[in-house]
Amino acid sequence: MICNICPRRCGAERTETSGTGFCRMPAGLVAARAMLHQWEEPCLSGTRGAGCVFFTGCNLGCVYCQNGPISHESFGKPISPARLREIFDALVADGAHCIDLVTPTHFTPWILEALREPLPVPVVWNCGGYESVETLRALEGKVQIYLPDLKYADAALAGELSAAPDYFAVAQAAIDEMLRQTGPYRMGEDGLLQSGVLIRHMVLPGKLDNTRRVIDYVAARFRPGEVLFSLMSQYTPQKNASGALARRITGAEYRAAVEYMSACGITDGFVQEKSSAKEEYTPEFDLTGIL
């Protein structure tokens, strides 16, 4: 296939055995881990965990990615849509509150095959926010919860760290489409998110101005009760990181971000403990749940 699934529209040829595009993935699914994940937002993990499927490859490739073995090193195993559906069903049988698809964008056509029949729990599209509106429209009715990052409001920073200087404009349009599909978020009596948009932003060390600009946008663009916002402190330096990215964020940086979020009137959402910045919160990618 000639691929234009994501906003890069690189027109790469993806065959069953190889891919030449930005994501380097073949025409078919590749996954690295399936598990009940306890470390998503409380409204997703609940008491039993979110049923996460971690896909290989990414359409962003951020230099600081905490899932480097799958996003940068392409670790994973090819699977069929039928096998993916079996994985979904097994996670649900194990008690998953939702099916959480992690970095799924570049596999959209094959995921849709696995979602042909409805699941008894919400489907979560857990993505980097760099999404094509056209691709998102194909997901309408299949995805109940959108979990996009909103990484950058700074074009230069997005270009430097994710090779996507158009990130902010693309993510704005994508999140608008997500909200159009789901409407304002809905929580169940059990405290679990049933449908809606939950926007994530991870504070990066030394980049508080970018965080403030993201918060400004969310506060101005969305009314109370429309979307949830998760301000994340879990940045963990990766090997070969340099400059500010070679350290964790400080307590003072995260407190400043939380205080700014509060001052801007964002109350629908989540903050993290500083202890969230630990390597053990990143799962081991060993094909558990995939084989």
Side-chain angles (χ1 to χ4, degrees), residues 3 5-10 12 14 18-35 37 39-40 50 52-79 84 87 100-111 124-132 135 146-152 157-167 170-171 174 200-205 207 230 232 234-242 245-246 248 276-290:
C3 184
I5 292 172
C6 88
R8 295 192 187 275
R9 300 187 65 84
C10 58
R14 294 171 67 179
S18 67
T20 59
F22 188 90
C23 69
R24 307 180 305 282
M25 288 295 105
L29 296 159
V30 185
R33 180 78 189 256
M35 62 183 288
H37 197 0
W39 299 108
E40 302 287 41
C52 285
V53 181
F54 291 86
F55 293 99
T56 302
C58 183
N59 68 328
L60 274 174
C62 306
V63 299
Y64 51 85
C65 183
Q66 295 170 217
N67 294 341
I70 56 175
S71 63
H72 292 311
E73 299 168 23
S74 300
F75 176 81
K77 175 180 173 57
I79 59 174
L84 181 60
I87 292 168
D100 185 1
L101 309 175
V102 184
T103 58
T105 303
H106 45 299
F107 296 123
T108 299
W110 303 280
I111 291 173
V124 181
W125 196 256
N126 183 342
C127 65
Y130 195 61
E131 305 287 299
S132 159
T135 296
Y146 284 100
L147 183 61
D149 291 334
L150 187 53
K151 297 176 183 289
Y152 313 107
L157 190 64
E160 175 189 353
L161 301 183
S162 299
D166 61 343
Y167 177 91
V170 168
R200 283 175 164 173
H201 174 74
M202 185 166 68
V203 182
L204 297 175
K207 310 299 181 185
S230 181
M232 305 175 78
Q234 68 189 54
Y235 174 80
T236 303
Q238 302 301 297
K239 60 183 179 181
N240 301 321
S242 61
L245 294 182
R248 303 183 191 278
S276 296
K278 293 182 179 179
E279 290 86 347
E280 56 261 38
Y281 293 151
T282 301
E284 183 177 354
F285 300 114
D286 56 5
L287 302 180
T288 296
I290 300 299

Check: Who passes side chain to side chain contact (heavy atoms under 4.5 Å, CB included) against T108, sequence neighbours left out?
Finding: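 Residues passing side chain to side chain contact (heavy atoms under 4.5 Å, CB included) with T108: I5, L112, W125, T135, L139.
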
Checklist line | ring-ring contact (aromatic ring centres under 6.0 Å, His included) partners of F285, counting only residues at least two apart | finding: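 ring-ring contact (aromatic ring centres under 6.0 Å, His included) list for F285, sorted by chain: F54.
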
Gap between atom [atom2] of [Y] and atom [atom1] of [X] - 0.5 Å precision:
{"X": "Q66", "Y": "M202", "atom1": "CD", "atom2": "CE", "value": "5.0 Å"}
{"X": "Y235", "Y": "L245", "atom1": "OH", "atom2": "CG", "value": "4.0 Å"}
{"X": "H106", "Y": "L60", "atom1": "NE2", "atom2": "CG", "value": "10.5 Å"}
{"X": "N67", "Y": "F55", "atom1": "CG", "atom2": "CZ", "value": "13.0 Å"}
{"X": "T105", "Y": "M25", "atom1": "OG1", "atom2": "CE", "value": "13.5 Å"}
{"X": "I70", "Y": "C58", "atom1": "CD1", "atom2": "SG", "value": "9.0 Å"}

Check: Are any side-chain N or O atoms of T56 and backbone N or O atoms of F75, one a donor and one an acceptor, separated by less than 3.5 Å?
Finding: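 Here the side-chain-to-backbone pair exists.
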
Next item on the list: Ignoring hydrogens and angles, tell me if any N or O in the side chain of E73 forms a donor-acceptor pair with the backbone of S71 under 3.5 Å.
Entry: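 Absent.
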
Sequence-distant partners of [X], side chain to side chain donor-acceptor pair (under 3.5 Å), two or more places apart:
{"X": "R200", "result": "E40, E41"}
{"X": "S162", "result": "Y152"}
{"X": "D149", "result": "K151"}
{"X": "N59", "result": "none"}

